[in-house]
Amino acid sequence: MSFELATVYVVGVGPGETDLLTLRAVKVLERSEVIFHPGPRDDTGFALGVVAPLLRPNQVVRGASLAMRRGPDDGTVGYERVAQLLAHEARQGRTVAFLTEGDPMLFGSGSYVAERLRSVAPDVPVEIVPGVSASSSAAARLGWPLAQKDEILTICPGTYHPDEIGEILDRGGPVCWFKAAAVLPQLVEELRRRGRLDHAALVERVGHPNERIFLDVSDALKVNLSYFSLVLVR
Ligand SMILES: C[S@@+](CC[C@H](N)C(=O)[O-])C[C@H]1O[C@@H](n2cnc3c(N)ncnc32)[C@H](O)[C@@H]1O
């Protein structure tokens with residue numbers, strides 16, 4: 001039996017609050033028969049939690065168990081496996097969505113899955129639905145513009161550049177540090193050296209019920225921080 005190809009949607013779900021989903025994301029989720037998310041189990045995951053209030057019992061939900069680790073994907077992260085699963089659903093004629101936290105195209109797992117999908121299943125139509133990034137959401141929360149006028153905004157995945165923190169700060173301009181928890185001691189030290197600690201804030205799980213904001217970033221050294229933490233420097 002042959003089926004008409006359905007579309008795979010890579011959907012940005014924003015940083016955590018359901019009402020920060022875009023109208024387009026809501027419409028796509030409504031029409032998706034199968035929903036994959038990066039979480040470890042079908043019923044558990046950060047991105048799944050954001051859309052859970054909108055899902056119907058007849059929609060199939062699958063946790064893709066993507067590994068979270070740094071470095072290039074040698075095949076063990078699971079992007080290709082997920083791409084194959086998504087392509088399979090689309091070829092069965094089922095509209096399928098893959099959820100990504102924040103915006104898929106900003107360090108998002110959705111961007112890697114979409115890339116793999118285009119190479120393993122070029123016949124399958126893919127549409128990417130942008131989402132609100134954690135960086136925008138944290139900026140709004142703090143009331144700190146990400147960038148204004150002639151400023152050049154740097155967005156840095158901290159764990160990839162632990163030895164360049166001072167150099168990046170010295171370039172000037174606002175910086176958003178993703179993956180900040182793992183490099184926080186170095187970041188605090190370099191900010192302190194430059195007398196810029198009072199120009200920085202750490203936002204953990206922005207938009208979640210257990211959100212925390214540290215206006216003195218050095219206070220965050222005393223607690224266990226989630227991976228979902230970023231530092232903004234103005
Ligand atoms: C791989 S990046 C993904 C960014 C995401 N695609 C976006 O647009 O926001 C993961 C990093 O984003 C930041 N992040 C994602 N969600 C967050 C949240 N709700 N609160 C604070 N930081 C968050 C953290 O720094 C985390 O380590």
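Both ligands and their constituent atoms are indexed starting at 1 by order of listing. In what follows, every heavy atom counts, from backbone to side chain, and hydrogens, waters and symmetry copies are set aside.
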Is the CG atom of Asn224 crowded by more than 12 outside heavy atoms at less than 6.0 Å? no
Count the heavy atoms of every other residue, nucleotide or ligand shown that sit under 6.0 Å from CZ of Arg24, and state whether that count exceeds 12. no
Ion pair check, [X] and [Y], cut-off under 4.0 Å:
X	Y	value
Arg94	Glu89	yes
Arg234	Glu151	yes
Glu30	Lys27	no

Of Phe228, Phe178, Tyr227, which has the heavy atom at the shortest distance from atom 13 (C) of ligand 1? Phe178
Judged by non-hydrogen atoms, does Gly207 sit under 4.0 Å from ligand 1? no
Test of proximity, [X] against ligand 1: N or O pairs below 3.5 Å:
X	value
Pro15	yes
Ser133	yes
Glu101	yes
His208	no
Pro104	no
Ala134	yes
Phe46	no
Asp103	yes

Taking the six-membered ring for Trp, are His208 and Phe46 ring centroids under 6.0 Å apart? yes
Can you confirm if the aromatic rings of Phe98 and Tyr9 lie within a centre distance of less than 6.0 Å? no
For [atom], what is the closest protein heavy atom, and at what distance to 0.1 Å?
atom	value
atom 25 (O) of ligand 1	Ser229 O, 2.6 Å
atom 1 (C) of ligand 1	Phe107 O, 3.1 Å
atom 6 (N) of ligand 1	Leu106 O, 2.8 Å

Short list, please: which atoms of ligand 1 are under 4.0 Å from a heavy atom of [X]?
X	value
Val203	21 (C)
Gly102	7 (C), 8 (O), 9 (O)
Val206	18 (C), 19 (N), 20 (N), 21 (C)

From Leu184 CG over to Leu202 CG, what is the distance, rounded to the nearest 0.5 angstrom? 6.0 Å
Would you kindly specify which portion of Arg205 sits under 4.0 Å from ligand 1, judged on non-hydrogen atoms: side chain, backbone, both or neither? backbone
For residues Val113 and Val120: do they belong to one hydrophobic cluster (side chain heavy atoms under 4.5 Å, members Ile, Leu, Val, Met, Phe, Trp, Tyr)? no
Passes side-chain contact (heavy atoms from CB on, under 4.5 Å), Lys179 versus Val183? Steps please. CA-CA 8 Å; Lys179 300 173 186 278; Val183 294; over 6 Å; no
With a 4.5 Å cut-off on side-chain heavy atoms, are Val10 and Val126 touching? yes
